[in-house]
*Asks:* 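Below: one structure in structure tokens.
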There are 2 protein chains.
Amino acid sequence: MDLYLSHFTNRLDAKGRVSIPAAFRTVLARDGFEGLYVHPSLDMAALDCGGNALLGEIQGLLSVLEPYSVEREMFSTALLGTSEILKVDSEGRVVLSEGLKVYAGIGSEVTLVGQGQKFQIWEPERFRAHLDEAKLRVRDLRKDLGARRAVIPPRAQGARE
Amino acid sequence: MDLYLSHFTNRLDAKGRVSIPAAFRTVLARDGFEGLYVHPSLDMAALDCGGNALLGEIQGLLSVLEPYSVEREMFSTALLGTSEILKVDSEGRVVLSEGLKVYAGIGSEVTLVGQGQKFQIWEPERFRAHLDEAKLRVRDLRKDLGARRAVIPPRAQGARE
DNA sequence: TTTCAACCCATTGACGCCCATAAAATCCCA
DNA sequence: TGGGATTTTATGGGCGTCAATGGGTTGAAA
């Protein structure tokens, strides 16, 4: 499996170390990236983490922009300047920098959430809230889709199963 | 890794020396440049630093411009004429010239910010402000892109999650 | 002399690397 | 198929090394 899936809640030890879940480590290993690439998520109080897949996504975004353009400077400051490459120790743990912890409001525990190409690190309480919100949205959306489906092709739902 | 990433805040000692972060030093070493190439950033109160990679970028920029054109003169004056090559001591420190410090408003501390091919040196307070600004700009730009995407296939956002 | 830069050494706190343990998951075989 | 044995995982802690910082000394230029 080369996707980050599921979520896990782990504790930080006295030295501030967190274990990356074994399932995520195998994905990282397959990705072939040495260490863990981390940057603050642009619009959430979470940290985006990954390997070459994530870094490539970001570099692709930057490569489109004109060198020396203000836009590019902005992007590279916001994306590269705030990101870090954390070392992963022999037990599969990383130490989050103070800045990253502050950004995500992290205390003594974190929730690591698979997102496919990347995974996120959250403060557990905040993640619960975020998840509830997401569920609500999905429910509304489902309702919408259901209504639409019922109107447009009346028997579509049955045909699927 | 051959990119300057992450950011660090270091102090100047009584002799005006600043440590280049170890992570940046390894990139510089790999780049094969002796010393540190520095020039005032064109449109920000910051210093652009790097090695051969940065020099190459600048020369690439200049090569596009008509030889002997006024524009080219301006650029080469601004980029090459104001640049310095600082010596790096055995502990990985450099001394910023008075002019450079004045340009960037540097006092007793600096923030060194990875930008991929180069890194920047900022007065910490100014950098914080600049980063906030950069984040806003990037978020807006992202929103624009998202909006565009959302307009064309109206339900795309839902399909994502 | 005075100044400043190049070089060398010292300190301290953080980090990398290694080994230990308990609990959970997995395996394996009767 | 059930339950003991083995492996893996998350977590804890010790210790040596390195990075960031401070300071002293020499030598050449002013």
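Sequence lines set the chain letters: A, B, ... in the order given, protein chains first and strands last, and positions in each chain run from 1. The model shown is predicted, which means the values in this text are computed figures rather than measured ones.
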*Asks:* In whole angstrom, give the distance that lies between atom CG of A/L28 and atom P of D/dT9.
*Replies:*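 So the CG-P distance, A/L28 to D/dT9, works out to 14 Å.
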*Asks:* Could you tell me whether the side chain of A/E91 has a donor or acceptor atom within less than 3.5 Å of a complementary atom in the base of C/dC17?
*Replies:*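 Not at all, since no donor on one side and acceptor on the other fall under 3.5 Å apart.
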*Asks:* Using OP1 and OP2 only, check whether a side-chain N or O of A/R25 sits under 4.0 Å from D/dA10.
*Replies:*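 Yes, A/R25 has a side-chain N/O under 4.0 Å of OP1/OP2 on D/dA10.
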*Asks:* Go through the side-chain N and O atoms of A/S97 and A/E84 and say whether any donor and acceptor fall under 3.5 Å apart.
*Replies:*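 Yes, A/E84 and A/S97 have a side-chain donor paired with an acceptor closer than 3.5 Å.
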*Asks:* The side chain of A/A22 is closest to which nucleotide in this list: C/dC8, D/dT9, D/dT11?
*Replies:*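 Closest nucleotide among those given: D/dT9.
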*Asks:* Given A/F127 and A/H7, is the ring pair (Phe, Tyr, Trp, His ring centres under 6.0 Å) satisfied, shown in steps?
*Replies:* CA-CA 10 Å; A/F127 176 65; A/H7 69 269; 5.6 Å; yes
*Asks:* Checking side-chain polar atoms at under 3.5 Å, does B/Q120 have a donor or acceptor matched by the opposite partner on A/E73?
*Replies:*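 On atom types as modelled, these side chains qualify, holding a pair under 3.5 Å.
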*Asks:* Need one value for B/L86: base, sugar-phosphate or nothing, where a base atom within 4.0 Å counts as base even if backbone is also close, heavy atoms only.
*Replies:*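 Counting heavy atoms under 4.0 Å across all strands, no contact is made by B/L86.
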*Asks:* Is there a donor-acceptor pair under 3.5 Å between the side chain of B/E123 and the backbone N or O of B/E125?
*Replies:*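 Yes; judged by distance alone, with no hydrogens or angles, the pair exists.
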*Asks:* Mind listing the N/O atom pairs, protein and nucleotides 3-6 of chain C, below 3.5 Å?
*Replies:*
unit_1	atom_1	unit_2	atom_2	d
C/dA6	OP1	B/K87	NZ	2.9

*Asks:* To the nearest Å, give me how far apart CZ (A/F8) and P (C/dA24) are.
*Replies:*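 Spelled out: CZ on A/F8 to P on C/dA24 is 16 Å.
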*Asks:* Whole-Å distance between D/dG22 C1' and B/N10 CG?
*Replies:*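 Spelled out: CG on B/N10 to C1' on D/dG22 is 14 Å.
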*Asks:* Check the distance between D/dG14's C1' and A/D89's CG and give it to me in whole angstrom.
*Replies:*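 From A/D89 CG to D/dG14 C1': 14 Å.
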*Asks:* Return yes if some donor-acceptor pair links the side-chain N/O of A/R25 with the main-chain N/O of A/I20 below 3.5 Å, else return no.
*Replies:*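 A pair under 3.5 Å: yes.
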*Asks:* Could A/R30 and A/D2 be called an ion pair, given the rule that one side-chain N must be under 4.0 Å from one carboxylate O?
*Replies:*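 No, A/R30 and A/D2 are not salt-bridged.
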*Asks:* Starting from C1' on D/dA10, measure out to CZ on A/F24 and report it in whole angstrom.
*Replies:*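 Value for this atom pair: 15 Å.
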*Asks:* With respect to the side chain of A/R93, which nucleotide from D/dT9, D/dG13, D/dA20 is positioned closest?
*Replies:*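 Shortest atom-to-atom distance from the side chain points to D/dG13.
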